[in-house]
Amino acid sequence: MTGPIVLDCDPGLDDAVALQYALGSGRYDLKAVTAVGGNAPVEHTYRNARALVKTFGVADDVPVYRGVGGRLTRRIEAAAAFDFHGRTGLGDETADDAGVPEHAENAVEALLRLSRTYAGELTVVATGPLTNIAAALIADPSFAERIRLVFMGGAVAEPGNVTPTAEFNIWHDPEAADLVVASGVDYTMVGLDATHRARFTLEHLARLEAAGEPLEFTVRLLKFYFGSYNHFHRAESVPLHDPLAVGAALDPTFLDTAEGTVFVECGSPLTNGQTVFLRKEHTAGTSLPPQLTERARGSQGKVALGLGPRDFVEEFTSVLEHWSR
Ligand SMILES: [Ca+2]
């Protein structure tokens, strides 16, 4: 069982099944879902998140908070991923959020409050751009000392998925991401080096289809995801980006990680949003400028460089196969 946890997400097809996985496993003490703009603008992701807790039967148990909207990064045009995640952000689904409570408290306020209630225990799993997390750190830098952060995003040796060097979540708000990894927060970056290897295949999908009615919604989401992925990347299987980050928050053996420092490129039109990883053991010998070397000494985290010994895709499929609400 995890300690208290918040899912900060931008649903988003893989955010949706990541949430369902967390609920289905029964091992996540989910205190809240916070919505952030990314795959779709925050108006959509907030509605989608509320529709998802309703669909998954936890609308009375798991409050959903709206992100602050906008991004720290103002230099480049906001870009949602409607072409990949569909017109609502959830494929062709109509997000039915009727009756799900709305809260005056926003996502940043909720994150800060929960970080105080569960100081030193709270895990935040971020599966969208890091805008909400950065906004919480700006409002209260000591937020960094009270939480553990596991985020899906970035790439080290793997090419990017939105530009040749940048992964979508980081590229969408690079300044936010850089602020977060420089904040001193205890973080684990689950980027494309790991998620591109967590491949959910048509055989896995067939197992969920065999479960029938309880998984019809999930199977529709995953089929849309397969369709988008095949259209854009010519692949016959899909990476479980966001679910893997949720899985790793509970069991780090899903990942192969290394310790070190992440820097986010925020100045180059070519490599904007690229994550640059300096391994801990290379910190002393680096020829980076002194201010970056100093930062490397002061803010280190874990970065997934591949998959670990435990098979996450099997775990994910097996949890969802047994889904019932
Ligand atoms: Ca996401």
Side-chain angles (χ1 to χ4, degrees), residues 5-23 28 30 32-53 56 64-67 69 71 73 78-91 93 95 107 111 124-134 149-155 160-162 166-174 176-177 180 187-192 194-196 198 200 218 221-222 224-226 228-229 232-233 238-249 273 275 304 312 316:
I5 197 160
V6 173
L7 180 62
D8 183 70
C9 59
D10 64 336
L13 298 164
D14 55 330
D15 302 80
V17 293
L19 173 62
Q20 190 177 16
Y21 165 74
L23 296 170
Y28 290 77
L30 191 62
V33 171
T34 50
V36 66
N39 288 326
V42 71
E43 294 76 19
H44 290 252
T45 61
Y46 177 51
R47 189 171 67 232
N48 290 346
R50 292 168 65 250
L52 289 170
V53 296
F56 297 149
V64 179
Y65 299 95
R66 189 186 195 283
R71 304 176 299 158
T73 302
F82 286 121
D83 50 354
F84 192 98
H85 289 266
R87 64 186 167 75
T88 66
L90 289 178
E93 302 302 316
L111 283 164
V124 177
V125 180
T127 60
L130 290 167
T131 314
N132 285 345
I133 311 303
L149 175 69
V150 180
F151 69 91
M152 190 280 134
N161 63 356
V162 60
E167 179 281 330
F168 178 85
N169 285 344
I170 306 297
W171 171 83
H172 192 267
D173 200 349
V180 169
Y187 69 86
T188 300
M189 175 174 121
V190 184
L192 301 180
T195 65
H196 272 171
F200 184 86
T218 312
L221 293 181
L222 286 166
F224 195 99
Y225 190 46
F226 265 91
S228 286
Y229 213 82
F232 286 100
H233 302 288
V238 292
L240 295 179
H241 298 294
D242 294 347
L244 182 62
V246 170
T275 47
F312 177 70
F316 172 86

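Since we're looking at a predicted model, the values are computed, not measured. Remember, it's 1-based here, ligands and their atoms both numbered in the order they're listed. Only heavy atoms go into these numbers, but all of them, side chains included; no hydrogens, no water, no symmetry mates.
- The aromatic rings of Y229 and H241 lie tilted to each other, with the angle between the two planes from 30° to 60°.
- The side-chain hydrogen bond (donor to acceptor under 3.5 Å, both in side chains) with D10 is formed by just one residue from the set N132, T45, N39; it is N39.
- Of all non-hydrogen atoms in M152 and T127, the two that sit nearest each other are CB-CA, 4.3 Å.
- Aromatic ring orientation, Y21 versus Y28: perpendicular (interplanar angle above 60°, classes split at 30° and 60°).
- The backbone N or O of R71 lies less than 3.5 Å from no partner atom in the side chain of D173, so there is not a single donor-acceptor pair.
- Note on the Ca ion (ligand 1): protein N, O or S atoms under 3.0 Å away count 5, no waters included.
- Looking only at distances, no side-chain donor or acceptor of Y46 sits under 3.5 Å from a matching main-chain atom of G37.
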